[in-house]
Amino acid sequence: MDTTVQNILVIGSGAMGRQIGMAAAVAGFSTTVRDVDSDAVAAAEADMRRWIDGRVTKARLTAEQAADAWERIAFTTDLAGPASTADLVIEAATERLEIKRAIFAELDSLAPAHAILATNSSTLGSSTVADATGRPDQVCNMHFFNPALVMRAVEIVRNDQTSSETVDTVTEVARAMGKAPVLLNQEIPGFIANRLMGAVRDEALALLADGVSSLEDIDTAAKDALGHPMGPFELMDLVGLDVSYLIRQATYEQTGDPQDLPHPLLAEKFEAGDFGRKSGRGWYDYE
Ligand code: 3HC
């Protein structure tokens with residue numbers, strides 16, 4: 001690996017955190033995935049065990065590569081231990097500012113002075129947490145995509161104080177993970193990919209609301225006319241309608257532009273608790 005980073009700590013063991021950690025371990029980094037909730041830690045570990053066993057079954061990894069990767073990853077509720085040796089921390093906790101600020105303040109007191117503190121947030125620019133630390137130049141966004149073990153892009157977003165060294169190091173780490181870094185030189189709501197995805201989604205929701213077509217046919221058009229891997233409704237179900245809704249709500253809070261409000265059809269699903277695959281029902285039924 002062409003990087004000075006050896007030890008990575010991922011905060012949060014949800015759908016994103018566990019896969020970011022596993023991708024780092026497969027790439028050769030010594031990785032810890034940490035969560036406050038021991039049940040969540042156990043669920044993440046079991047899920048990633050199934051994933052890595054599946055890699056061997058599918059002959060994507062040899063048994064030896066899988067065993068080595070598994071050796072390099074730990075799942076834990078402990079924070080102080082893994083933080084004390086981390087070169088890079090990637091925070092993938094709940095999208096709530098006060099929680100993230102508390103995490104960054106704690107990490108700042110526990111992690112070595114050289115460690116970079118990155119956030120996987122898709123809605124909060126790192127400037128909102130950088131000033132909770134004494135190292136704002138070593139703070140940035142490192143935004144991965146779902147499923148993080150598969151999607152190659154990582155948006156690296158610098159805030160006003162992020163140093164060039166920090167950007168260079170996280171770019172090297174992303175490359176060492178086999179990812180395709182995308183650099184944003186300023187924080188903008190939605191970054192790049194969610195803005196592009198949002199534009200397609202808005203059109204899809206408008207077509208559905210206007211009764212032009214069924215959601216299945218709109219998805220078919222996206223896939224079979226445009227070559228998208230998933231239709232916009234399937235994608236919302238994968239990402240989570242709650243996540244899609246909250247991203248939009250957060251964007252609106254930043255811009256104040258009513259056009260950025262979540263579409264009423266999306267709001268309806270959100271309020272009904274139909275979050276997509278994770279809840280068994282979203283635009284499609286998974287039960
Ligand atoms: N976890 C891990 N690996 C997965 C996976 C998952 N949830 N789902 C699929 N995969 C792997 C499979 O194991 C398979 O790997 P292999 O080819 O090496 O064996 C590979 O992905 C392809 O899977 P499938 O053949 O089962 O299915 P598809 O070819 O339909 O691919 C997909 C599935 C990769 C999810 C593809 O449909 C896709 O790219 N969809 C679009 C996803 C997307 O746009 N993500 C971005 C969302 S936006 C976001 O995350 C931002 C955030 O801020 C909200």
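Just so it is clear, the model here is predicted, and its values are computed rather than measured. Both counts, for ligands and for their atoms, begin at 1 and track the order of listing.
Considering Met151, Met236, Met16, Lys58 only, the shortest heavy-atom separation from atom 19 (O) of ligand 1 involves Lys58. The residue among Lys223, Arg60, Met230 with a heavy atom at the shortest distance from atom 17 (O) of ligand 1 is Arg60. Summarising the contacts of atom 39 (O) of ligand 1 with Gly54, Ser122, Pro229, the nearest heavy atom is found in Pro229.
When only non-hydrogen protein atoms are considered, atom 43 (C) of ligand 1 lies nearest to Leu235 CD1, 3.4 Å. Of all protein heavy atoms, the one lying nearest to atom 47 (C) of ligand 1 is Val239 CG2, 3.5 Å. Counting protein heavy atoms only, atom 5 (C) of ligand 1 is closest to Pro147 CG, 3.8 Å.
Put simply, no part of Glu234 is less than 4.0 Å from ligand 1, judged by heavy atoms. Contact analysis puts Ile247 in contact with ligand 1, with a non-hydrogen atom separation below 4.0 angstrom.
Contact annotation for atom 45 (N) of ligand 1: protein present (non-hydrogen atoms, distance under 4.0 Å). Closer than 4.0 Å to atom 1 (N) of ligand 1 lies at least one heavy atom of the protein. Atom 25 (O) of ligand 1 lies below 4.0 Å from none of the non-hydrogen atoms of the protein. For atom 41 (C) of ligand 1, a protein heavy-atom neighbour is found at a distance under 4.0 Å. Closer than 4.0 Å to atom 50 (O) of ligand 1 lies at least one heavy atom of the protein. Protein heavy atoms are found inside the 4.0 Å sphere centred on atom 53 (O) of ligand 1. Using a 4.0 Å threshold on non-hydrogen atoms, atom 7 (N) of ligand 1 counts as touching the protein. For atom 34 (C) of ligand 1, the nearest protein heavy atom lies closer than 4.0 Å.
Ile103 and Val33 fall into different hydrophobic clusters, defined by Ile, Leu, Val, Met, Phe, Trp and Tyr side-chain heavy atoms under 4.5 Å apart, directly or through other members. Linking Ile, Leu, Val, Met, Phe, Trp and Tyr whenever their side-chain heavy atoms come within less than 4.5 Å puts Ile20 and Ile116 in one cluster. A single hydrophobic cluster is not seen to contain both Ile11 and Met48; linkage of ILVMFWY side chains at heavy-atom distances under 4.5 Å, directly or through other members, places them apart.
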For Thr166 and Gln138: C-alpha separation, side-chain torsions, deciding distance, then whether side chain to side chain donor-acceptor pair (under 3.5 Å) applies. CA-CA 6 Å; Thr166 298; Gln138 289 162 233; over 6 Å; no
Intermediate values then yes/no, salt bridge (charged side-chain N to carboxylate O under 4.0 Å, His left out), Asp242 and Lys278: CA-CA 10 Å; Asp242 53 337; Lys278 66 172 92 165; 2.9 Å; yes
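Contacts between Val150 and ligand 1, counted as non-hydrogen atom pairs separated by less than 4.0 Å, involve the side chain only. Here His228 has no heavy atoms under 4.0 Å from ligand 1, in either its backbone or its side chain. Contact annotation: for Arg55 versus ligand 1, heavy atoms closer than 4.0 Å belong to the side chain alone.
Taking the six-membered ring where tryptophan is involved, the planes of Tyr284 and Tyr286 are perpendicular, since the angle between them exceeds 60° and thus also 30°.
Rounded to the nearest 0.5 Å, atoms CZ (Arg55) and CD (Gln65) are 11.5 Å apart. Atoms OG1 and CG, from Thr85 and Leu110 in turn, are 11.0 Å apart once rounded to the nearest 0.5 Å. Taken to the nearest 0.5 Å, the CZ atom of Arg101 stands 14.5 Å off from the CZ atom of Arg96.
Side-chain contact between Phe29 and Asn7: absent, with no pair of heavy atoms (C-beta onward) separated by less than 4.5 Å. Inter-residue side-chain proximity for His263 and Asp202 is flagged as unmet; no heavy-atom pair is nearer than 4.5 Å.
When each atom of ligand 1 is checked for a heavy atom of Met197 under 4.0 Å away, the hits are 48 (S). Near Phe145, with a cut-off below 4.0 Å to any heavy atom, the atoms of ligand 1 are 48 (S), 49 (C), 50 (O), 51 (C).
The aromatic ring centroids of Phe275 and Phe270 lie less than 6.0 Å from each other.
With no hydrogens or angles considered, a side-chain donor-acceptor pair links Ser121 and Glu95 at under 3.5 Å.
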